[in-house]
Number of protein chains: 2
Amino acid sequence: MLNYSSSEENYLKAIYHLQAETGKVTTNALADELNTRPASITDMMKKLSSKGLLNYKPYYGFSLSAEGRKAALIIIRRHRLWEFFLAEKLGFGWDEVHFVAEELEHVSSKKLIDKLDEYLGFPQFDPHGDPIPNSKGKINTTVLVPLAELPINQPAKVVRVANKSTQMLELLGDKKIAIGSVIQVQKRFDFDGSLELRLKPSLTEIISEQLAKNIFVQL
Amino acid sequence: MLNYSSSEENYLKAIYHLQAETGKVTTNALADELNTRPASITDMMKKLSSKGLLNYKPYYGFSLSAEGRKAALIIIRRHRLWEFFLAEKLGFGWDEVHFVAEELEHVSSKKLIDKLDEYLGFPQFDPHGDPIPNSKGKINTTVLVPLAELPINQPAKVVRVANKSTQMLELLGDKKIAIGSVIQVQKRFDFDGSLELRLKPSLTEIISEQLAKNIFVQL
DNA sequence: ATTAATTTTTAGGTTTGTCTAAACATTTAA
DNA sequence: TTAAATGTTTAGACAAACCTAAAAATTAAT
């Protein structure tokens, strides 16, 4: 198993995420995601493609090779296992785990990660509901329904939140929405896409369309 | 609290250890400890002294400032807490923990380390018996007796091993010596300094002087 | 007390990962 | 369908952390 620098790992991860979320990976989108300049992206793309981790032709965009994808999933595995550890064992809030896991994910010992996985009881999802790849880099990719698209009066369970910002997680806390919450959409306001949710028989909340797009449910 | 690069942290730690073990810190000794060239040491000494972490005058050697010492102890704290975690919670062997902790120690979140400390039950010693500094950087410095200097027939408990190499830990495993073992020196062979130890009424072992110098006991 | 050996520092390079500014391609709009 | 806007790449610099080779300072030996 090869070893990559922290920078290389961050690029691989960012490419994977952009590919999964928006379908296409462009120089500017990556620069934006990684808070770097487009020129730095071009440089790193050359490097990673020379290592066979991605397919790249100038001006034609890029995508992860099979090897690059696998490397990205290993890094994502580390990240999510550490997030689980921080939340479950050390009592971190789900809005705090991401930042610390960004550092821990670059510790590269495979044995460490596999032992940690075992110690944690082979968890399937991180605290935000994202699936944790297994030690071979295989990931469970169930397609989930964004709350914004849930039919009226159809009960469903919150299983994932897509945005990890403190701001969003604070808002969710305020609305009493967490992973596992069972929700029903009582009304959809077409004007702005906002939703009236029923959380418990006696508890309803109004949420914006923007928030609803970041909450994923399972029927 | 300031933040240092992994390299800076490794230098601080190495200086601390050399200072504690041999009393003096020279350019060559440090280069040796860190597997770098003397020229690199000089470069970094300039950098660290300009940051106020050590006292340095060309050709006059160097020593940690109060701030540098505190920084070093924070890094050592992280290292030893991770070692404890790896051994205690993940089931790593004591010969495996050092290497992985070398990476984990550079993750800089103070909250992470303090929560980890709490989770582990505020351990006082790492798996090799080295004391773990507290969150303020204070370290317990009991002076211990090397087994090589233990009087004949005086029972004592093994509390620390100074060398962390796989080779030494393998040898200790073979001789059935571990932290906590109660030992008596039955005979000292002046020719080569080797010792005949009594581990249990029915178990004696011969060890070299070199090994005996790396084992520390408490009466 | 010179000379020799050793240690430390300086001078000048290299690699990695970043940057700015300018050039080049592609896409969009008039 | 050419011009403008946008997106991407190249060219050249820079800082961090390392290196080699040579110079300078210190220490040891005759």
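Each chain gets a letter, A, B and so on, in the order its sequence line appears, and its residues count up from 1.
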Self-check item: Atom-pair distance (CD on A/E8; P on C/dT15), nearest Å
Solution: 16 Å
Quiz item: Can you check the B/I41 CD1 to D/dC19 P distance for me, whole Å?
Solution: 9 Å
Exercise. Counting heavy atoms from C-beta on, name the nucleotide in D/dA11, D/dT8, D/dC18 closest to the side chain of A/A39.
Key: D/dA11
Self-check item: D/dA16 OP1/OP2 closer than 4.0 Å to side-chain N/O of B/Y11
Solution: no
Quiz item: Counting just side-chain N and O atoms, does A/K46 come under 4.0 Å of either OP1 or OP2 of D/dT10?
Solution: yes
Quiz item: Looking across every strand, which nucleic acid part, if any, lies under 4.0 Å from B/S40 by heavy atom: base, sugar-phosphate, or nothing?
Solution: base
Exercise. Check whether any side-chain heavy atom of B/L104 sits under 4.5 Å from a side-chain heavy atom of A/L104, and report yes or no.
Key: yes
Quiz item: Does a nitrogen or oxygen in the side chain of A/T42 sit under 4.0 Å from OP1 or OP2 of D/dT9?
Solution: yes
Self-check item: Any B/D192 side-chain heavy atom under 4.5 Å of B/S208 side chain
Solution: no
Exercise. Return the value, rounded to whole Å, for the distance between atom CG of A/D32 and atom C1' of D/dG7.
Key: 13 Å
Exercise. Send over the distance from B/K24 NZ to C/dT7 C1', rounded to a whole Å.
Key: 11 Å
Self-check item: Whole-Å gap separating P (D/dA16) and NE2 (B/H106)
Solution: 18 Å
Self-check item: Length of the CG-C1' vector between B/D43 and C/dT14, whole Å
Solution: 13 Å
Self-check item: Out of D/dT9, D/dC18, C/dT9, whichever nucleotide has its closest atom nearest the side chain of A/Y56
Solution: D/dT9
Exercise. Report yes if at least one side-chain N or O of B/T36 is closer than 4.0 Å to OP1 or OP2 of D/dC18; otherwise report no.
Key: no
Quiz item: A/M44 has an atom CE; how far is it from atom C1' of C/dT15, in whole Å?
Solution: 13 Å
Practice problem: With rounding to the nearest 0.5 Å, note down the distance linking CG in A/N28 to CD1 in A/I41. | Solution: 9.0 Å
Quiz item: Does C/dT8 have OP1 or OP2 sitting under 4.0 Å from an N or O in the side chain of B/N28?
Solution: yes
Quiz item: Hey, which of these two, B/F62 or A/R37, hits DNA chain C nearer its 5' end, going by closest nucleotide?
Solution: B/F62
Exercise. Decide yes or no for A/Y11 and A/L34: does some side-chain heavy atom of the first lie under 4.5 Å from some side-chain heavy atom of the second?
Key: yes
Quiz item: Is there a side-chain polar atom (N or O) of A/S5 under 4.0 Å from OP1 or OP2 of C/dT16?
Solution: no
Quiz item: Got a sec, which pairs hit ring pair (Phe, Tyr, Trp, His ring centres under 6.0 Å) with one end in residues 63-90 of chain B, sequence neighbours left out?
Solution: A/W82-B/W82, A/F85-B/F85, B/H79-B/H98, B/W82-B/F85
Quiz item: To the nearest angstrom, how far is B/N10 atom CG from D/dA16 atom P?
Solution: 17 Å
